Amino acid sequence: MPSAHHLAGLNPQQREAATHLHGPLLILAGAGTGKTSVITRRAAHLLAHGVPPEAILMVTFTNKAAREMRERIAALIGAEPARQLTVATFHGFGSRLLRGGGAARLGYSPRFGLATPSYQAGLVKTLMGEAGAVGEGFDPERFLAAISRAKNALLTPDAMRDQARAPLELKIAAVYAEYQKRLRQMDLMDFDDLLVLILRLWENCPDLLQAHRARYRYLMVDEYQDTNPVQFQIVATLAGTAANLAVVGDDDQSIYGWRGADITNILSFTTHFPAAKVIRLEQNYRSTGAILQAANAVIARNPKRHGKTLWSAQPAGEKITILRVPDDTAEGRIVAEILRDRQAAARRPWTDFAILYRSNHQSRGFEEALRQRQIPYTLVGGRSFFERKEILDGLAMIQAALNPRDDLALLRILNVPPRGIGDKTLETLRQLQQLATGAPLQELLATPEFLAELNPATADQIRRFTATLAHCRGELRQPGNLARAINALFRDLGYLDGLGRLYKPREDALNRHENLMEFITAAAQFEREAGPAATADAFLERFALMDGNDREEKDGQERGVTLMTIHAAKGLEFPEVIVAGLEHNLFPHEMAVKEGNLEEERRLFYVAITRAKERLTLVHCEKRAIRGAPQRRRPSPFLDELPETLVELHTPETVLKPLSREDAKALVLARLRALREE
DNA sequence: AGACCCAGGTTTTTT
DNA sequence: ACCTGGGTCT
């Protein structure tokens, strides 16, 4: 049996990791050391040694990583057995267990809805209003962040209240308690619940824990350095004493501390699991020698590490370019020109290039500069599509139709498009709800008592509104009808026609209509992919759990240069990388400087550097417009951490080298060809 | 109830 | 420079 073709091409350390069968294993995998390859092959190896595929659970951080993992396993062992493995994100796994019977045991229905971030914020804002937490210093986003942090640290509302040391914390705890109560009343969970409730489930129902342990006997966790306390608890609980648990990660790439990730999970793995075997993967297959040495030098300044030194068999390659430009306008322009030159000179596809930055708002300048020069690009992340008003409205319509108990979704769309519901009507409705001790609003809307309060025209509108929702509920639940049912819902609620009235420049309205159509197209595509499993609930869930990268699958179209944050770039690689805005208080970020989180910022810089395979350019501005006003900027201290021998300092004048005669000719020819094709 | 206007605040990273 | 939200006017 061990023909071991699934181990072909591995180096000794990789091989050792891939052939580890039982007990805890920590794989410390530096950037570009082939960790995905190792874990997919380990899965194949387990199967080859008689482990049944359904006993294997692989947890990743993003859907994209999960998809990639599944594809690579399928390539290794065949599509059919690959289907039987569970490859999911933590949240996806949580959702699977909860829908598969767990939710009912916790007092939720199995078709519970998922609260999106904007929905959460809306709810928190409402509750803050009710709790009298309004005005100075009361920011819903802050409250929500604090609540989320508490949940991920496994802190209950009561515990939070008991350990509160300031009036503000007490308020937060109170809102937190009410928030949980209301979500539950509306049969909704938020992202964090998908994790927290798994633990609650196992605590309350030992039989289920036993069943899950019996099924998922081999666990693998990717990006282990980014697990938070709940996730650790989930992993540790499920692994139990058998502890067939293999985790892969790189403490040097831990960049999610701000959202509760606990780097000590990976630093203390051998304390938690004393029997653990530790394997280091240090041979990098991605970057040139210069890039790798620079990365090593930077990360060596962090004191708290497992300690690894990456090496590469590749030649040193080009030096790293540090480019100083006068201001942020010039930054966009020069970067675009560099890209154009490099693309022509190296004759590479645009997809070989990436522009990385610390904060999302930095993308703007680059987008403009690239558009002007007609350089194709793809902007990754920036939850923009998801946060568009029309998309949120559309989502709320579907939610309200599917879930009659979802008051918040209902309130969002009750008067969208306008149907004559004002403050007074809402007040009546609210009072009615008090009397009816929290009956769902959708139910109350249809009661004669309520309708009698309205003028006849409005009452009529409301009747049509509730009737449409009820009718569409049936349509949405019909299998194989998803895209059509959504379209009908938007139409029958008058939303599609209402856009023209709602948004005044016609162009704006058309644009939003476009977005809604794109949304419906996504539903149609989901149906094609998921087949009979394509229910409306599943679509909502998929939409909510998708991350920024997932929505960028423009098939067919050229994707061009990639623009994204460094956080979003983790796990990716590009032949040529430009990192922009390397300035003090931007990268490292001002907040991080204030809070003394320089180590995590440095790890982020390390991640940025190690995305590059061949060429790396680091840009900083002398001046930059901050909130409109130009400000003098100092270069990032991180730039000083790069060994001098590895870098080359440039200005706009020196960085653009004149093209060689041959390259110039190729460039002209390419442009002629492009013209002809138009 | 809806349209329009101005002031103020705002910027980290995301499953 | 941008957007949100509050306030005022029709």
Side-chain angles (χ1 to χ4, degrees), chain A residues 59-66 88-95 114-118 120-121 125 134 136-137 139-142 144-145 148-149 151-152 190-195 223 226-228 230-231 254-261 328-329 356-365 368 380-383 386-387 389 415-426 455 457-458 501-504 541-550 564-570 581 585-595 597 600-601 603-605 607-608 624-630:
Chain A
V59 184
T60 62
F61 259 75
T62 63
N63 297 299
K64 195 172 170 218
T89 61
F90 271 106
H91 295 86
F93 179 63
S95 151
L114 259 187
T116 62
S118 75
Q120 294 173 274
K125 196 176 166 193
V134 278
E136 283 292 294
D139 176 9
E141 299 288 341
R142 284 226 120 69
L144 184 56
S148 177
R149 238 176 294 122
K151 291 170 92 164
N152 281 298
D190 66 12
F191 282 140
D192 303 324
D193 288 330
L194 293 178
L195 307 179
E223 306 281 13
D226 288 326
T227 49
N228 64 30
V230 201
Q231 290 163 335
S254 161
I255 54 176
Y256 285 104
W258 52 273
R259 76 166 196 223
D328 45 338
T329 319
L356 308 182
Y357 35 79
R358 174 69 239 260
S359 323
N360 270 311
H361 72 264
Q362 290 173 262
S363 68
R364 192 185 227 106
E368 211 164 292
V380 176
R383 329 203 112 249
F386 210 13
E387 277 169 5
K389 267 212 180 60
N415 202 32
V416 178
R419 30 180 89 78
I421 316 278
D423 293 343
K424 221 184 73 201
T425 315
L426 282 179
N455 69 50
T458 313
R501 315 210 158 273
L502 237 33
Y503 299 102
K504 60 164 212 170
E541 169 144 328
R542 148 107 162 225
F543 212 80
L545 288 181
M546 268 195 301
D547 55 55
N549 304 349
D550 295 327
M564 60 183 155
T565 63
I566 300 164
H567 282 89
K570 194 175 63 155
N585 281 350
L586 181 57
F587 190 12
H589 192 274
E590 192 175 359
M591 289 296 207
V593 174
K594 276 199 195 116
E595 289 164 15
N597 278 341
E600 182 155 310
E601 294 290 296
R603 290 193 290 267
L604 195 56
F605 186 46
V607 169
R624 174 182 298 274
I626 305 284
R627 271 174 238 145

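Labels below follow one simple rule: chain letters A, B, ... track the order of the sequence lines, proteins then strands, and each chain is numbered from 1. Given the structure is predicted, the values throughout are model-derived calculations rather than measurements.
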- Compare the minimum distances between each of B:dT14, B:dT15, B:dT12 and the side chain of A:Thr62, then state the nucleotide with the smallest one. B:dT15
- Message: Evaluate A:Met564 against A:Leu356 for side-chain contact (heavy atoms from CB on, under 4.5 Å), listing each step before the verdict.
- Response: CA-CA 5 Å; A:Met564 60 183 155; A:Leu356 308 182; 3.9 Å; yes
- Mark yes or no for whether A:Asn415, through its side chain, and A:Arg419, through its backbone, hold a donor-acceptor pair below 3.5 Å. yes
- Query: Counting side-chain heavy atoms from CB outward, which of C:dT4, C:dG5, B:dT13 is closest to A:Lys389?
  - Reply: C:dT4
- Query: Could you give the NZ-to-P distance, from A:Lys570 to B:dT14, as a whole number of Å?
  - Reply: 12 Å
- Just compare B:dT14, B:dT15, B:dT12 and give me whichever is closest to any side-chain atom of A:Asn360. B:dT14
- Task: Name the closest nucleotide to the A:Asn415 side chain, picking from B:dT14, B:dT12, B:dG2.
- Result: B:dG2
- Item | Distance, rounded to the nearest Å, where A:Gln231 contributes CD and B:dT14 contributes P | 16 Å
- Task: Starting from C1' on C:dC2, measure out to CD1 on A:Ile626 and report it in whole angstrom.
- Result: 14 Å
- Item | N/O donor-acceptor pair under 3.5 Å between A:Arg603 side chain and A:Ser254 backbone | yes
- Item | Atom P, compared across C:dG6 and B:dT11: separation rounded to whole Å | 16 Å
- Message: If you go through the side-chain atoms of A:His361, does one of them form a donor-acceptor pair with the base of B:dT11 closer than 3.5 Å?
- Response: yes
- Task: Could you please name the option among C:dC2, B:dT15, B:dT14 that lies closest to any side-chain atom of A:Tyr256?
- Result: B:dT14
- Query: Can you tell me how far C1' of B:dT15 sits from CD of A:Glu223, to the nearest Å?
  - Reply: 12 Å
- Query: Among the nucleotides B:dT12, B:dT13, B:dT15, which one has an atom lying closest to any side-chain atom of A:Arg259?
  - Reply: B:dT15
- Note on the structure: In whole angstroms, the gap separating P of B:dT13 from CD of A:Glu595 amounts to 14 Å
- In whole angstrom, what separates A:Arg542's CZ from B:dT15's P? 15 Å
- Item | Separation of atom CZ in A:Arg149 from atom C1' in B:dT13, rounded to whole Å | 13 Å
- Message: What is the separation between atom CD on A:Glu600 and atom C1' on B:dT13, rounded to the nearest whole Å?
- Response: 9 Å
- Note on the structure: Out of B:dG2, B:dT15, B:dT14, minimum distance to the side chain of A:Pro418 belongs to B:dG2
- Any donor and acceptor pair, going by atom type alone, linking the side chain of A:Glu601 with main-chain N or O of A:Ala592 inside 3.5 Å? no
- Message: For a quick test of reading the model: is some side-chain N or O of A:Thr565 closer than 4.0 Å to OP1 or OP2 of B:dT14?
- Response: yes
- According to the 5.5 Å centroid and 30° plane-angle thresholds, does A:Trp258 stack upon the nucleobase of B:dT13? yes
